[in-house]
Amino acid sequence: MFAVVLSGIMQAWIAVSIKKFGHHLHPLSMNLLPMVIAGISMLVIAFFTEDLSTLNFNQNAYLSIIYLAFFGSVVTFTSFYWLIKHVNLVILSLVAFITPIVALVLGYFFMTKYFQQDTLSAQHWFLQEFSGPIWVIFLN
């Protein structure tokens with residue numbers, strides 16, 4: 001639990017610092033070095049800890065890696081850092097709460113997934129509890 005709270009504090013500190021002091025930074029420049037370091041580190045760690053004989057690289061594997069690297073990392077984090085500079089941080093932080101609800105609704109409409117009663121109850125509770133503060137933020 002401590003690690004979860006600490007990660008939230010660290011993310012909030014970084015977001016506020018970028019909003020306050022990072023106007024001159026380009027969103028891509030904030031991503032390039034950390035992603036290169038993380039990519040190289042993970043490749044080295046995987047080389048020593050994973051069973052390389054079970055690897056099966058085919059066209060689908062390569063396309064998946066390219067797709068996830070581009071859309072799941074570069075586009076996502078670049079747009080997030082751009083939004084930090086242009087949107088209220090409180091509203092931006094609500095993305096973590098809204099995304100699961102949007103994913104469930106899209107799954108219902110496009111993938112014929114069905115809601116369970118506890119899922120509907122949780123969505124209803126969340127929207128009821130947070131809709132008031134969200135509208136106050138939007139209106140200010």
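Sequential numbering from 1 along the given sequence is applied to the chain's residues.
- Remark: the backbone N or O of Val75 is not paired with any side-chain donor or acceptor of Thr78 at under 3.5 angstrom.
- Taking CG from Leu63 and CD1 from Ile66, the interatomic distance works out to 6.0 Å, rounded to the nearest 0.5 Å.
- Under a 3.5 Å cut-off, the side chain of Ser73 and the backbone N or O of Phe70 do not form any donor-acceptor pair.
- The ring pair (Phe, Tyr, Trp, His ring centres under 6.0 Å) contacts involving residues 12-43 comprise nothing, where partners must be two or more places apart or lie in separate chains.
- Within the model, atoms CZ of Phe77 and CD1 of Ile84 stand 10.5 Å from one another, a figure rounded to the nearest 0.5 Å.
- Cluster annotation: Phe47 is connected to Ile65 through the hydrophobic network of ILVMFWY side chains, with a link wherever side-chain heavy atoms come within less than 4.5 Å.
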Problem set entry | CA sep, side-chain torsions, deciding dist, call: Leu28, Tyr81, side-chain contact (heavy atoms from CB on, under 4.5 Å) | CA-CA 8 Å; Leu28 283 174; Tyr81 287 125; over 6 Å; no
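- In the hydrophobic clustering of ILVMFWY residues, with side-chain heavy atoms under 4.5 Å counting as a link, Val105 and Val102 come out together.
- In terms of heavy atoms, Asn58 sits closest to Ala61 at OD1-N, 2.9 Å.
- Minimum interatomic distance between Thr54 and Asp51 (heavy atoms only, all atoms of both residues): OG1-O, 2.9 Å.
- Annotation: side chain of Leu52 is in contact with side chain of Leu55 (closest heavy-atom distance under 4.5 Å).
- The NZ atom of Lys19 sits 5.0 Å away from the CG atom of Leu89 when rounded to the nearest 0.5 Å.
- Once rounded to the nearest 0.5 Å, the distance linking CG of Leu43 with CD of Glu50 reads 11.5 Å.
- Between Tyr67 and Phe71, the angle of the ring planes lies from 30° to 60°, which puts this pair in the tilted group.
- Hydrophobic clustering (side-chain heavy atoms under 4.5 Å, transitive across Ile, Leu, Val, Met, Phe, Trp, Tyr) keeps Leu32 apart from Leu68.
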